[in-house]
Amino acid sequence: SNGSHPPAPAPRPTENDKMDNVPIDIHSNKLVDWLIDRKWINVAHRTQTAAIRPLITAALEDMPDHPDITALLTGAYITYFHCTKIIEILKITDAGTKTLFGGYSSRRINDWKEIIGKYEQDNCYLGEASSILQHNVVFEIPAMRRAITRGQGRLAESSKREADIIKGAASATAKFARLCQDLTIEGKDIATELAALPAQLPAIYEETMAAINAPAIGATIEFYEAFVKFSVGPRVAASTITPLLKHLRTKGNTSAHRFATGEDQDPPAPEAAAAAAGAGEGGIDWGDGAETIDFGDAGDAPVEISWDDVPTLEEGGVVTAGGGEAAEIDWGDDAVQVEAVPDITGGPDAPKEEESVVGRGVRASLLEWTTTRNMVIDELLELTCFVAGRRSEAKAALDMTSINVLQSAPAIVATMSDATLDTMSQALAAAVAPLTAARTRYLVMLAASPKYAARLAKSLEEKRAVAGKAAERIEQLKVQRTQIASEVRDTEKKLTAMVAATRKLKIEVERDLSQKYKGRQVNLIGDINTI
């Protein structure tokens with residue numbers, strides 16, 4: 001019509017054009033195998049790159065002092081991509097060595113060009129870069145992260161250990177102070193102070209005796225004795241009711257031997273008894289003189305023994321003589337009277353000839369000897385429980401049966417007031433306290449056993465030394481934590497640098513492969529994107 005032609009239709013895209021727009025995704029852990037399969041590198045690429053490393057080392061010895069080169073080479077593993085950047089910087093620093101034909105006479109530039117040329121043979125630089133990526137992603141970076149985690153765990157464990165040591169040292173110090181307080185020692189010269197403690201026992205026994213001699217204790221014993229007689233009757237002898245307390249109140253803290261036997265003097269010391277026993281040795285007349293024993297041998301005439309009069313014992317206790325009449329043995333049953341066995345716990349009624357009497361031959365005082373001291377404590381606790389029971393009954397409402405029973409009781413039992421019972425209870429507590437105190441137990445054991453004294457001294461020394469050892473251990477832990485923290489920081493810095501270098505190398509590899517595939521986008525996928 002007007003002579004214009006319609007626009008030509010756009011050419012339809014071919015299959016190759018469609019493929020050019022499809023990105024190439026390569027798993028980072030399979031990158032080396034992918035390059036070998038597609039013939040971009042050969043299997044021997046490691047050998048080729050190994051031959052290049054000495055050239056790089058030699059070239060690095062002659063480098064100009066340039067900040068870009070310094071920043072590029074600091075802490076980095078030199079790869080092909082570093083080499084290309086080094087040449088660009090050298091073209092600036094060695095610009096005066098450029099020839100008329102566009103080349104360079106600089107030895108440095110030529111060395112690095114040679115290195116790049118060897119790298120580009122069979123694309124071995126791609127093999128090296130791919131191997132570095134795989135190694136960093138699979139091994140190096142995870143190993144550094146594990147090392148950081150272990151270091152942080154060791155720091156936490158060290159802090160916890162320090163807290164435990166501080167707690168243990170505080171506990172040991174508190175125990176040491178408490179034990180020294182119980183023993184009333186300063187804790188400086190422990191062995192000497194412990195050795196002097198048993199000398200304080202007599203004062204404790206005097207305090208106990210003063211408490212036992214209190215009028216309230218005497219009233220308690222009378223009350224208890226009257227109550228027992230009223231409740232049980234005459235079946236219980238008065239001597240069996242708190243015999244030790246009665247003896248202590250009447251005769252004092254005598255030896256256990258005096259209490260057990262009723263004697264007025266102590267047994268001789270073992271040394272004196274041994275000397276008395278040996279005093280008569282050497283004076284025994286064994287009859288070894290010239291006199292001889294007359295056995296009644298009438299010459300050499302044989303003596304006939306008559307067995308007719310030898311008695312024999314038959315059943316029923318009847319003794320018969322050979323050929324004689326039976327005769328009954330008179331056992332004296334009518335004359336024998338069995339008496340009650342007296343109480344062996346002591347007092348004037350104790351048997352004086354019975355060797356098994358408790359305390360016979362013991363020169364230690366009643367409060368000093370363990371057996372009788374425990375018996376005194378038992379009697380005091382017995383009275384304490386009795387008084388506590390009476391106080392409980394006094395506070396409770398009485399029924400008619402109890403009222404009728406108390407009407408027939410002695411006045412001391414029926415009319416005991418609450419205030420008197422409270423006074424008795426306080427007096428008993430004052431008497432029990434010195435004997436049952438922890439300090440008294442320590443003093444008694446120290447006096448009785450030198451081995452115990454040595455063990456106690458050793459235990460106190462160890463508790464006192466704990467604080468010093470704890471301070472040394474805490475200082476060691478602090479030094480250790482400082483070293484671990486420094487290692488963790490260094491590893492974190494290396495990890496940060498390696499992650500940055502790996503990401504940068506990933507971009508370089510992706511860009512290089514994209515160029516080889518005519519600009520197609522290349523993506524390295526997988527763990528490399530999560531580092």
Distance-minimising heavy-atom pair for Ser131 and Arg46: OG-NH2, 3.5 Å

Flag side-chain contact, heavy atom, 4.5 Å: Asn136 against Leu505: no

N/O donor-acceptor pairs under 3.5 Å from side chains in residues 203-214, not counting sequence neighbours:
from: Tyr205; atom 1: OH; to: Leu367; atom 2: O; distance (Å): 3.4
from: Thr208; atom 1: OG1; to: Ile204; atom 2: O; distance (Å): 2.9
from: Asn213; atom 1: ND2; to: Met209; atom 2: O; distance (Å): 3.1

Please examine the side chains of Ser486 and Gln483, heavy atoms only from C-beta on, and report whether any two atoms are closer than 4.5 Å. no

Measure the CD-CD distance between Glu475 and Glu162 for me, rounded to the nearest 0.5 Å. 9.5 Å

Taking Arg363 first and then Glu368, would you say they form a salt bridge - that is, a charged N and a carboxylate O separated by under 4.0 Å? no

Under the salt bridge (Lys or Arg N to Asp or Glu O under 4.0 Å) rule, what pairs show up with a residue in residues 218-232, not counting sequence neighbours? Glu225-Lys229, Glu225-Lys246

Could you report the tightest heavy-atom contact between Leu244 and Val376, atom names first, then the distance? CD1-N, 3.9 Å

Distance col, row Cys83:SG vs Leu72:CG, nearest 0.5 angstrom, shows 9.0 Å

Taking the side chain as C-beta and beyond, is there a heavy-atom pair between Arg53 and Glu128 under 4.5 Å? yes

Which heavy atom of Ala470 sits nearest to which heavy atom of Ile165, and what is that distance? CB-CG2, 3.6 Å

Sub-4.5 Å side-chain heavy-atom contact between Leu383 and Leu245: yes

Does any donor atom in the side chain of Glu508 or Tyr80 lie under 3.5 Å from an acceptor atom in the other side chain? no

Quick one: do Asp422 and Arg391 make a salt bridge, cutoff under 4.0 Å? yes

Check ion pair Asp264-Arg258 (N to O, under 4.0 angstrom): no

Taking the side chain as C-beta and beyond, is there a heavy-atom pair between Lys30 and Ile26 under 4.5 Å? no

Please round to the nearest 0.5 Å and tell me the distance separating atom CZ of Arg464 and atom OG of Ser459. 12.0 Å

How long is the straight-line distance from CG of Asn374 back to CG of Leu435, given to the nearest 0.5 Å? 9.5 Å

Would you say Glu461 has more than 12 foreign heavy atoms packed within less than 6.0 Å of its CD? yes

Is the shortest side-chain heavy-atom distance between Leu477 and Arg481 below 4.5 Å? yes

Taking all non-hydrogen atoms of both residues into account, name the closest pair between Ala453 and Leu194 and its distance. O-CD1, 3.9 Å

Looking at Tyr442, does the NZ or CZ of Arg455 lie under 6.0 angstrom from its six-membered ring centre and within 45 degrees of the ring axis? no

Say whether Arg473 and Gln476, considering side chains only, have a donor N or O and an acceptor N or O under 3.5 Å apart. yes

Compute whether any side-chain donor of one residue and acceptor of the other, for Ser417 and Thr420, lie under 3.5 angstrom apart. yes

What pairs of residues pass the ring-ring contact (aromatic ring centres under 6.0 Å, His included) test when at least one of them lies in residues 134-168, not counting sequence neighbours? His135-Phe139

Heavy-atom check, side chain of Leu31 versus side chain of Leu524, under 4.5 Å: yes

Interatomic spacing from CD in Gln152 to OG1 in Thr491 - rounded to 0.5 Å: 10.0 Å

With a 4.5 Å heavy-atom cut-off, do Ser28 and Gln134 have their side chains touching? no

Heavy-atom pair of closest approach, residues Ile190 and Ala457: CG2-CA, 3.9 Å

Which heavy-atom pair separates Gly187 from Glu193 by the least distance, and what is that distance? N-OE1, 3.0 Å

